[in-house]
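Beneath this line is the structure, given in structure tokens, with notes to follow.
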Amino acid sequence: MTFTILFGTSLALLQNGLMVGAILLSLGLIGILSRRNLIVMFLSAELMLQGISVSLVAWSRYHGDFGGHVLVVFVLSVAACEAAIALVFVLQAFTRTGRLDSTAWQTLREATIDRSIDHEIPSLDTSLPNFPRLTPAGRSPTPDEQASAQRDHV
Amino acid sequence: MIPWNILFPETASFDFVAPGILLAVAVTCLAVSLYLLLPKSGRSSKTARRLGWLLGLITLSLFIITGQRLGNLGEEAAFLMVSLVAVVSAAATITCRSPVYAAIWFALCLAGVSGVLLVLGAQFLGVATIVVYAGAILVMFLFVLMLAQPTGLTTSDRITNEPMLSTVAGAVLLGLLSLSIGRLSAEEPLCCRPPSRAAALGGTAVNQRPNESIDLLASDQVARLGGELFGHHLVAVEAVGILLLVALIGAIAIVSNGLEGSQTEASSLQEGSQT
């Protein structure tokens with residue numbers, strides 16, 4: 001079979017596959033640590049699972065058995081369960097706070113523990129963008145302060 | 001064998017540099033470029049973003065240079081293409097501001113990952129990844145996204161939590177992993193050689209020597225995977241079935257509780273407005 005001849009079993013293929021898996025895993029870690037949107041955080045978690053799947057299949061290819069494949073099947077089904085439960089929780093969180101922002105839940109605590117804010121919600125830079133400068137003509141318009149302060153849904 | 005020095009003449013000049021140093025430079029470049037590309041408060045300048053793209057390109061080329069040569073141009077090109085698609089779109093998933101675009105980039109990443117799985121010889125899993133992830137899970141994410149955030153970007157999409165610390169954490173993880181991956185060697189250590197599969201199972205002598213007996217690319221690979229799954233791992237399959245059922249019931253229970261709560265709230269609101 002030409003396909004078999006083309007794709008031989010080798011340590012180099014294992015190392016390349018493991019490297020791709022490691023890159024995907026660390027990208028997912030960066031995403032889940034830094035992003036604040038709950039959906040994007042779960043996408044990053046799925047990205048980490050993808051990295052694990054690639055690594056497992058690479059090992060399975062190297063050892064020449066189906067152990068890694070079987071594990072990836074289980075990873076897929078657990079990921080499906082996790083996605084279902086997680087999306088339900090995201091929907092519940094959204095109906096309570098009206099935001100898909102994880103920082104909105106930073107004061108979540110037990111009743112006996114004091115309230116502490118771990119991370120101040122940083123405010124946006126509300127200054128106007130750099131519009132091209134034209135020659136002034138007429139009087140300058142009065143800017144709408146409310147609109148410039150609440151540019152949430154741009 | 002491909003004469004790589006002809007195709008990539010610069011690889012010859014990299015010989016005097018240890019591959020560990022190249023990997024360290026690549027990981028650092030990755031961290032800096034992701035830090036520059038992650039959305040930050042205020043308007044990130046165009047120069048920073050361009051520098052991030054440039055550093056990302058440098059990172060990719062360094063990873064390609066330090067990667068192991070597979071010794072076959074077709075294999076090399078196929079693996080390179082699908083893994084580039086996977087990695088680039090994964091980076092775009094976490095740096096994209098709009099969560100809808102992030103989901104779509106994640107779909108492209110899934111396509112790349114399934115390509116990698118196909119190259120690695122997992123035919124069933126490559127197709128199953130597309131069907132299960134891109135067909136079911138991702139569509140579910142997009143539904144929730146459109147239910148919850150129909151107006152577009154909010155402030156939380158344009159700000160990240162601690163981009164510096166998280167990129168450093170990811171870079172440290174990637175550095176450690178690549179260090180241990182580079183140290184893999186073909187010989188099994190004699191001290192801790194794992195018992196053979198036949199001895200571990202204790203059953204009939206399965207004279208399967210790894211690396212030669214099982215052909216992962218045979219045409220009946222899916223059937224043999226099914227046999228393995230429902231033969232040796234039958235209990236685990238049953239357990240996963242129970243897990244899926246529990247997750248389904250749990251999701252329905254939580255959602256219906258929430259729906260009842262919001263319905264009572266809505267009905268009380270309506271009564272309040274009528275009276």
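Residue numbers start from 1 in every chain, and the chains themselves are labelled A, B, ... in the order their sequence lines are given, proteins ahead of strands. This is a predicted model, so every value here is computed, not measured.
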Region of A/Glu82 that comes under 4.5 Å of a non-hydrogen atom in chain B: neither
Engaged part of A/Ser77 at the chain B interface, taking heavy atoms whose separation is under 4.5 Å: both
Portion of A/Leu71 that has a non-hydrogen atom of chain B nearer than 4.5 angstrom: neither
Proximity breakdown for A/Ile39 and chain B, heavy-atom pairs closer than 4.5 Å: both
Results of ring-ring contact (aromatic ring centres under 6.0 Å, His included) for B/Trp105 - residues two or more places apart only: none
Heavy-atom pair of closest approach, residues B/Thr129 and A/Gln50: CG2-OE1, 3.8 Å
Contact origin within A/Ala86 toward chain B - heavy atom pairs under 4.5 Å: neither
Close side-chain approach of A/Val90 to B/Phe141, heavy-atom, < 4.5 Å: no
Residues that A/Ser102 engages under side-chain contact (heavy atoms from CB on, under 4.5 Å), provided they are two or more places apart: A/Arg36, A/Leu38, A/Met41, B/Asn161
Contact class of B/Leu84 relative to chain A, heavy atoms under 4.5 angstrom: neither
Proximity breakdown for B/Leu34 and chain A, heavy-atom pairs closer than 4.5 Å: side chain
A/Val54, part contacting chain B, at a heavy-atom distance under 4.5 Å: both
Under 4.5 Å from any heavy atom of chain B - which part of A/Leu18: both
Contact origin within B/Ile94 toward chain A - heavy atom pairs under 4.5 Å: both
